[in-house]
Amino acid sequence: IGKLGKAMKYVTTSSFPNRPKRETATNTFVRLNYGCCSVSDGTATIDYPSLKFSDGQLRRPTVSMTYLEEEHSLSFTVTPPSKVYAGCWATDRVCAVLLDEEYNQAMFEELGTRGDGGMVTVALDEQWAKENVHVYVFCVTEDGKDVSPTTYMPIE
C-alpha cells in the first residue's frame, strides 16, 4: 500500500486537508488504506473498491457516470442537491480520481461545483484499459478545508 500511496502523491494533495500536522497526504492515504491491502503467498492484493481518497464530514456528491466506448472516456453527471445546508454547499467542488491498477497511475479531475451540477466528459489515458480503471468521487469545500468521504463508482 506504500507503493500505491507514493504513486497517488499528486492526486491526494487536496483530498486530506484535516490530517495531523506532521503527516503528509501520502502518509494519510497509506494509513487510511492499510486494511485494503492483503498479502498471500508473497503476492499483494488491493481491495480497490474500498480505497479512500478523502476523509471528511461533507455530504457525498450525487454523481452518475457512463463509459463511452468510442471515445474511451467517462461522462460524469453531477446532480445539484435539492437543498443547500451546512456540510452541503453549492460552492463545493466535485472531484474525481481515476486510478489505473495496471500502471499504478491516477488522474485528478474537477467535475464542477455541487450547486451548478452539469455534465463533464473526461478522456482516459489511451494506454489504460477500461477493466483496470477505478473511479472515486468526493467533494472539497471552496476554501479547501473540508472534504466528503470517498464514493467508489464502478465502470459498467
Side-chain angles (χ1 to χ4, degrees), residues 1-36 46-68 71-101 103-125 128 130 132-156:
I1 198 73
K3 185 177 179 181
L4 180 62
K6 186 176 179 182
M8 298 302 107
K9 175 182 175 180
Y10 298 111
V11 300
T12 58
T13 54
S14 63
S15 61
F16 297 113
N18 298 317
R19 65 185 181 270
K21 291 187 187 277
R22 295 183 183 184
E23 192 171 90
T24 67
T26 299
N27 295 138
T28 301
F29 176 84
V30 170
R31 180 177 49 82
L32 290 173
N33 292 298
Y34 189 77
C36 295
I46 296 175
D47 179 11
Y48 287 97
S50 297
L51 289 178
K52 294 180 182 179
F53 281 89
S54 60
D55 187 35
Q57 302 304 312
L58 294 182
R59 182 175 158 220
R60 295 172 193 260
T62 304
V63 179
S64 59
M65 177 186 70
T66 306
Y67 177 71
L68 306 171
E71 293 87 11
H72 190 54
S73 62
L74 296 170
S75 176
F76 294 91
T77 302
V78 178
T79 303
S82 57
K83 182 178 179 183
V84 175
Y85 52 88
C88 180
W89 291 282
T91 56
D92 293 342
R93 294 176 292 137
V94 180
C95 304
V97 172
L98 289 64
L99 166 63
D100 180 85
E101 69 177 87
Y103 293 103
N104 214 21
Q105 297 174 335
M107 296 170 31
F108 179 88
E109 295 287 336
E110 282 198 31
L111 306 178
T113 62
R114 190 193 301 260
D116 289 338
M119 191 174 84
V120 175
T121 301
V122 177
L124 297 176
D125 186 294
W128 294 4
K130 169 189 163 186
N132 297 327
V133 177
H134 303 275
V135 181
Y136 309 85
V137 296
F138 56 92
C139 279
V140 179
T141 56
E142 184 176 26
D143 64 7
K145 293 185 178 181
D146 201 4
V147 294
S148 71
T150 302
T151 300
Y152 177 72
M153 301 188 70
I155 297 176
E156 297 174 0

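Worth saying up front: this structure is predicted, and the values here are computed from it rather than measured. Along the sequence shown, the residues carry numbers beginning at 1.
Met107 has its side chain within reach of Trp128: a pair of non-hydrogen atoms, C-beta onward, lies under 4.5 Å apart. For the pair Val63/Val78, a side-chain contact is recorded, criterion being any heavy-atom separation below 4.5 Å from C-beta on.
Distance CZ/Phe29 to CG/Leu51: 5.0 Å, rounded to 0.5 Å. Rounded to the nearest 0.5 angstrom, Leu58 CG and Phe138 CZ are separated by 11.0 Å. Remark: Ser73 OG to Tyr67 OH distance equals 7.5 Å, nearest 0.5 Å. Remark: Met153 CE to Phe76 CZ distance equals 6.5 Å, nearest 0.5 Å.
Residues satisfying the salt bridge (Lys or Arg N to Asp or Glu O under 4.0 Å) test with Arg19, not counting sequence neighbours, are none. Take Tyr48 and apply the ring-ring contact (aromatic ring centres under 6.0 Å, His included) test, not counting sequence neighbours, and it matches His134.
Remark: the backbone N or O of Glu101 is not paired with any side-chain donor or acceptor of Asn132 at under 3.5 angstrom. For the pair Ser148 (side chain) and Cys139 (backbone), a donor-acceptor distance under 3.5 Å is present.
For the residue pair Ser54 and Thr150, a side-chain donor N or O sits within less than 3.5 Å of a side-chain acceptor on the partner.
Glu71 CD: more than 12 foreign heavy atoms inside a 6.0 Å radius.
Of the residues Ile155, Asp125, Leu99, the one that meets the side-chain contact (heavy atoms from CB on, under 4.5 Å) test with Val133 is Ile155.
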